[in-house]
Amino acid sequence: MVKVRLPDGKVREHPDGVTAAEAVRAIGPGLARDALAAQVDGRTVDLAARLPSGEVEFRVLTPKADDPAALEVMRHSAAHVMAEAICSLWPETKLVYGPPVENGFYYDIDLKHAISPEEFERIESRMAEIVKEDRPFTRYELPRGEAMTKLEREGNPYKLDNAERAEGDALSFYVTGTRDSGCWEDLCRGPHVPSSGRIGAYKIMQVAGAYHHGDASKAMLQRVYGTAWPSKKELDAYLNQLEEARKRDHRRLGPELGLFALDPLVGSGLALWKPKGAILRHTLEVFIREELLRRGYQPVYTPHIGKLDLYRTSGHFPYYKDSQFPPLYESERARLLNALWEIARASNSDRAGAEELALFSRIAADHADLRQVGYPADLPMEDRLRRIRGWLQQEDGYLLRPMNCPHHIRIYQSDVRSYRDLPVRLAEFGTVYRYEQSGEIGGLTRVRGMTQDDAHIFCTPEQLHDELAGCVDMARHALNVVGLTDYRVRASLRDGGDKYVGSKENWDLAEAAILDVVQHSGMNWFVGRGEAAFYGPKIDFLVKDCIGREWQLGTVQCDYNLPERFELKYIGADNHEHRPVMVHRAPLGSLERFVGILIEHFAGAFPLWLAPVQVRVITVSEKSRDYAREVLRTVQKGLRAEFDDGDERIGNKIRMAAHMKIPYLLIIGEQEVANRTVSIRTRDGRQLGSCTVAEFMAACADEIVKRGV
RNA sequence: GCCACCGUAGCUCAAUUGGCAGAGCAGCGGUUUUGUAAACCGCAGGUUGCGGGUUCGAGUCCCGCCGGUGGCUCCA
């Protein structure tokens with residue numbers, strides 16, 4: 001007996017061995033026609049699947065654009081149809097992996113011929129044929145051994161690899177057609193829609209490269225992306241929505257609104273803030289500065305560059321060499337000494353190896369001072385490293401700073417600190433430089449030079465929890481004020497990887513603190529394993545851009561590691577030295593990325609307090625020019641204002657101002673001159689009527705103080 | 001860094017199979033004096049991203065580089 005409990009609570013009984021399709025048919029013929037798949041106890045299954053005995057929760061999946069489970073099945077099936085189309089056009093294609101993803105699906109293939117966008121149409125028409133044939137998706141299973149033999153015979157190493165990774169004693173295949181029809185088939189876990197005619201409206205979106213298993217050392221595959229929807233109408237709505245989102249793209253709006261420029265001659269990923277972008281950034285900085293002072297931070301200023309040895313101590317150099325701009329003024333001697341240091345460290349032995357000694361001899365040949373000191377082979381590793389560091393400290397190499405923490409740490413260390421001084425909170429809009437991979441740079445969201453609204457907190461272990469919570473509070477407050485409320489919060493913890501430094505005990509403490517803070521924050525958060533920084537776990541605020549890519553903005557990071565590397569201290573109440581804990585935090589993250597996201601969030605139409613130009617005074621004709629000038633002078637005393645007294649028609653002046661997303665237009669014609677008023681028009685076309693300049697200014701002042709969005 | 005695509009005036013885009021580089025907007029000059037999202041006339045604007053090659057002839061074909069876009073990888 002199978003008891004099927006429907007979402008409305010009704011229970012229907014069926015004999016053992018009943019299929020999902022039969023259970024659906026029993027509910028109603030209309031539903032049976034519509035059904036794509038079913039969910040049994042929350043697990044999606046084919047309609048052909050037999051239901052287990054006993055009572056099950058049962059839900060029918062029909063093609064609805066708001067049912068993620070239904071879309072997932074349909075898109076997975078669409079991936080099969082696309083793969084078959086590609087295989088029929090290029091029979092040498094080796095299939096790899098083709099899952100559904102958000103808004104669509106992809107299929108990874110190994111094919112020498114590079115599929116070009118011009119060929120999408122050919123693939124789509126082949127897909128249309130397969131859809132029109134309305135062939136059933138037929139599942140069959142083979143015992144693991146038999147399946148492996150079959151796959152080996154077919155000679156696709158990727159599928160063989162998939163099969164080896166698959167769980168269970170039996171492997172399933174899906175034929176797009178009846179069993180033994182000779183139709184196209186694929187090793188696949190399923191489930192699928194009943195037949196190829198049910199995949200709705202679809203479109204191939206793009207083709208991109210993708211490493212097999214995401215491993216950059218492996219060969220690159222082609223990943224063909226598509227999207228699929230229940231109907232043409234929903235597909236069009238999706239494409240339209242994409243189009244609308246692209247109109248908000250900060251890379252288009254930013255230059256158009258005069259906010260920033262990205263100049264290849266200056267360098268890839270190095271943003272130029274133009275006056276309008278700079279005033280916007282300045283306004284944000286003022287806001288953050290106010291918060292910092294309110295929250296007990298102390299502003300500091302430090303240079304954008306520091307000695308290499310500073311970063312050797314912090315661990316940034318040379319471990320992250322690939323993502324740093326090359327060092328400045330590093331001598332050949334220093335380069336060699338650094339290589340020696342790396343070899344010595346890698347040896348992890350209290351006896352110098354042959355390579356190490358040979359390198360030393362090579363360096364020492366040119367440098368008498370090194371020969372004098374010497375480099376005994378039986379010197380313990382720590383002593384050898386110390387000796388090399390001593391030599392390196394005399395070298396004049398500099399690094400554009402990749403992070404601000406080392407400078408702030410040195411400020412902390414410039415005074416003797418008592419437990420009474422803690423927490424010490426040092427804040428700076430710190431500009432850092434990172435040599436990001438060329439393929440990753442884009443717009444303001446990923447740049448090579450950026451300014452963080454950074455701060456480093458030095459506190460006792462007992463203070464850690466409150467400090468972390470305070471940082472989270474500030475980050476949330478900042479996002480709230482600008483109205484960026486659609487974000488996710490990630491507790492970024494370590495995984496089993498080897499990139500992490502510091503003791504397990506400290507990591508456990510830090511992660512516990514991080515988790516405790518997010519748990520009590522009331523935020524919507526999730527755990528990101530392996531997302532931790534090398535020195536500690538963090539809390540990251542993630543926001544999506546106009547095409548759905550997620551970016552980390554604010555971050556709060558817990559760090560036991562750098563205090564040890566720099567041997568940070570404070571004198572405790574017991575008159576003994578203790579080690580402080582550090583918190584790294586940046587509520588906005590980088591101003592570049594934050595402003596980039598902000599441009600998209602507001603589609604360039606910033607709230608009054610942030611708008612680079614808050615008001616534009618426009619004359620109807622030159623007859624009202626003198627009074628308009630008077631209005632402008634008054635308005636400029638409290639607002640960022642522009643003037644348009646050109647000889648364009650008023651309609652065009654309004655159009656141009658609206659294009660620049662200026663919040664308020666003050667229109668001055670002969671009526672306004674006569675009444676000594678201004679006529680107010682908002683950027684979205686509302687006419688707020690006339691009032692005096694003083695009234696307008698007061699209303700604006702109120703809106704600005706409230707930082708209304 | 002890897003794969004694919006793209007690069008023509010400040011911006012958006014044209015330019016048969018390889019055959020005289022063009023338009024709209026913006027800019028500048030003039031006319032117009034305007035009432036809530038485009039007044040009219042004119043002028044100027046280019047080593048077609050850069051460098052090689054093929055060809056009688058290259059914006060167009062080939063190679064290299066630079067830059068951009070979408071993914072992948074990375075993101076201290």
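- Within 4.0 Å of A:Y320, counting heavy atoms only, lies at least one base atom of the nucleic acid.
- Among A:H456, A:Q413, A:M403, the one residue that satisfies the side-chain contact (heavy atoms from CB on, under 4.5 Å) test with A:H408 is A:H456.
- At the phosphate of B:rG71, OP1 or OP2 sits under 4.0 Å from a side-chain N or O atom of A:R549.
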Q: For RNA chain B, just give me the dot-bracket, please: Watson-Crick or G-U, both distances below 3.5 Å, ( ) intra-strand, [ ] crossing earlier pairs, | paired with another strand, . unpaired.
A: (((((((..((((.....[..)))).(((((.......))))).....(((((..]....))))))))))))....

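- Counting distance only, with no hydrogens placed and no angle test, the side-chain atoms of A:R446 and the base atoms of B:rC74 include a donor-acceptor pair under 3.5 Å.
- Nucleotides B:rA9 and B:rA23 have their P atoms positioned 14 Å apart, rounded to a whole Å.
- Among the protein residues, A:E531 comes within range of no part of the nucleic acid, since none of its heavy atoms lies under 4.0 Å from any strand.
- Spacing between atom CZ of A:R494 and atom P of B:rA76 amounts to 17 Å, rounded to whole angstrom units.
- By the side-chain contact (heavy atoms from CB on, under 4.5 Å) test, A:V447 is found to be paired with A:M450, A:E592, residues two or more places apart in sequence or in another chain being considered.
- Residues from residues 552-565 of chain A with heavy atoms under 4.0 angstrom of RNA chain B: there are none.
- For the residue pair A:A533 and A:W507, the shortest heavy atom distance occurs at O-CH2, 3.4 Å.
- Summary of the strand contacts: A:S690 and A:R593 both lie near RNA chain B, and taking for each the nucleotide with the nearest heavy atom, the more 5' one is attributed to A:S690.
- Closest approach to the A:S679 side chain among B:rG1, B:rU36, B:rA76 is made by B:rU36 (side chain taken as heavy atoms from C-beta onward).
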Q: Go along nucleotides 3-14 of chain B 5' to 3' and tag each nucleotide: B for a protein heavy atom under 4.0 Å from its base, S when only backbone or sugar atoms are that close, - otherwise.
A: BS----------

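- Remark: the A:Y435 side chain and the B:rG1 base include no donor-acceptor N/O pair separated by less than 3.5 Å.
- One interatomic measurement links the two molecules: CD of A:Q437 to C1' of B:rC2, which rounds to 9 Å at whole-angstrom precision.
- Counting any heavy atom pair closer than 4.0 Å across all strands shown, A:I547 reaches sugar-phosphate atoms only and no base atom.
- Using C1' as the reference atom, B:rU60 and B:rG7 are 14 Å apart when rounded to the nearest Å.
- Remark: A:E622 engages A:R625 in a salt bridge (Lys or Arg N to Asp or Glu O under 4.0 Å) (not counting sequence neighbours).
- Straight-line distance between the C1' atoms of B:rG22 and B:rU48: roughly 12 Å, to the nearest whole Å.
- We find that CG of A:L262 is positioned 13 Å from C1' of B:rU69, with the value rounded to whole Å.
- Mapping A:N652 and A:S438 onto RNA chain B via the closest heavy atom, the residue that lands nearer the 5' end is A:S438.
- Taking only side-chain nitrogens and oxygens, A:R681 comes nearer than 4.0 Å to OP1 or OP2 of B:rA37.
- The backbone N or O of A:A532 lies less than 3.5 Å from a partner atom in the side chain of A:K499, making a donor-acceptor pair.
- One interatomic measurement links the two molecules: CG of A:D263 to P of B:rG68, which rounds to 10 Å at whole-angstrom precision.
- Comparing B:rC74, B:rU69, B:rU36 by their closest approach to the side chain of A:R251 singles out B:rU69.
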Find every protein N or O atom lying less than 3.5 Å from an N or O atom of nucleotides 29-34 of chain B, and list the pairs.
from, atom 1, to, atom 2, distance (Å)
B:rU31, O4, A:D647, OD2, 3.0
B:rU32, N3, A:D647, OD2, 3.3
B:rU32, O4, A:D647, OD2, 2.3
B:rU33, O2, A:E622, N, 3.0
B:rU33, N3, A:E622, OE1, 3.1
B:rU33, O4, A:E622, OE1, 3.1
B:rU34, OP2, A:K623, NZ, 2.3
B:rU34, O2, A:R649, NE, 3.0
B:rU34, O2, A:R649, NH1, 2.4
B:rU34, N3, A:R649, NH1, 3.3
B:rU34, O4, A:D647, O, 2.8

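- Comparing B:rC74, B:rA37, B:rG67 by their nearest atom to the side chain of A:S268 picks out B:rG67.
- Protein atom CG of A:L310 is 19 Å distant from nucleotide atom P of B:rA76, rounded to whole Å.
- Pairs engaging residues 545-559 of chain A under the side chain to side chain donor-acceptor pair (under 3.5 Å) rule: A:R488-A:E550, A:Y535-A:Q557, A:K538-A:Q552, A:D540-A:T555, A:D545-A:R549, A:D545-A:W551, A:T555-A:Q557, A:D559-A:H584 [sequence neighbours left out].
- One distance of note links CG of A:L553 with OH of A:Y487; it measures 11.0 Å at 0.5 Å rounding.
- Nucleotides B:rC63 and B:rG68 have their P atoms positioned 22 Å apart, rounded to a whole Å.
- Take A:R446 and apply the salt bridge (Lys or Arg N to Asp or Glu O under 4.0 Å) test, not counting sequence neighbours, and it matches A:E436, A:E440.
- Using modelled atom types, one finds a donor on one side chain and an acceptor on the other under 3.5 Å when comparing A:H113 with A:E119.
- For A:E102, the side-chain contact (heavy atoms from CB on, under 4.5 Å) test picks out A:K544, with sequence neighbours left out.
- Crowding of A:H659 atom NE2: a count of heavy atoms from other residues, nucleotides or ligands under 6.0 Å not exceeding 12.
- Residue A:G689 is classed as having no contact, given no heavy-atom separation below 4.0 Å to the nucleic acid.
- With no hydrogens or angles considered, a side-chain donor-acceptor pair links A:Y158 and A:D110 at under 3.5 Å.
- For the pair A:Y535 OH and B:rC75 P, the interatomic distance rounds to 13 Å; values are reported in whole Å.
- With both ends at atom C1', the span from B:rG1 to B:rU8 equals 30 Å, rounded to whole Å.
- Across the P atoms, B:rC62 and B:rC74 are found 34 Å apart, a figure rounded to whole Å.
- For A:F325, the side-chain contact (heavy atoms from CB on, under 4.5 Å) partners at least two apart in sequence or on another chain are A:L400, A:Y433, A:Y435, A:R448.
- With B:rA37, B:rC72, B:rG35 as the candidates, the nucleotide lying closest to the side chain of A:Q671 is B:rG35.
- Among pairs with a residue in residues 208-220 of chain A, those fulfilling salt bridge (charged side-chain N to carboxylate O under 4.0 Å, His left out) read A:D215-A:K218, at least two apart in sequence or across chains.
- For the pair A:L270 CG and B:rG67 P, the computed distance is 11 Å after rounding to whole Å.
- Nucleotides B:rG59 and B:rU16 have their P atoms positioned 13 Å apart, rounded to a whole Å.
- At least one donor-acceptor pair closer than 3.5 Å links the side chain of A:R401 to the backbone N or O of A:P303.
- In terms of the side-chain contact (heavy atoms from CB on, under 4.5 Å) criterion, residue partners of A:D626 (sequence neighbours excluded) are, by chain and number, A:R629.
- Residue-level contact check: A:Y106 touches neither bases nor backbone, having no heavy atom under 4.0 Å from any strand.
- Spacing of P atoms, B:rC56 relative to B:rG18, comes out at 15 Å, to the nearest Å.
- Taking the six-membered ring where tryptophan is involved, the planes of A:H250 and A:F260 are tilted, since the angle between them lies from 30° to 60°.
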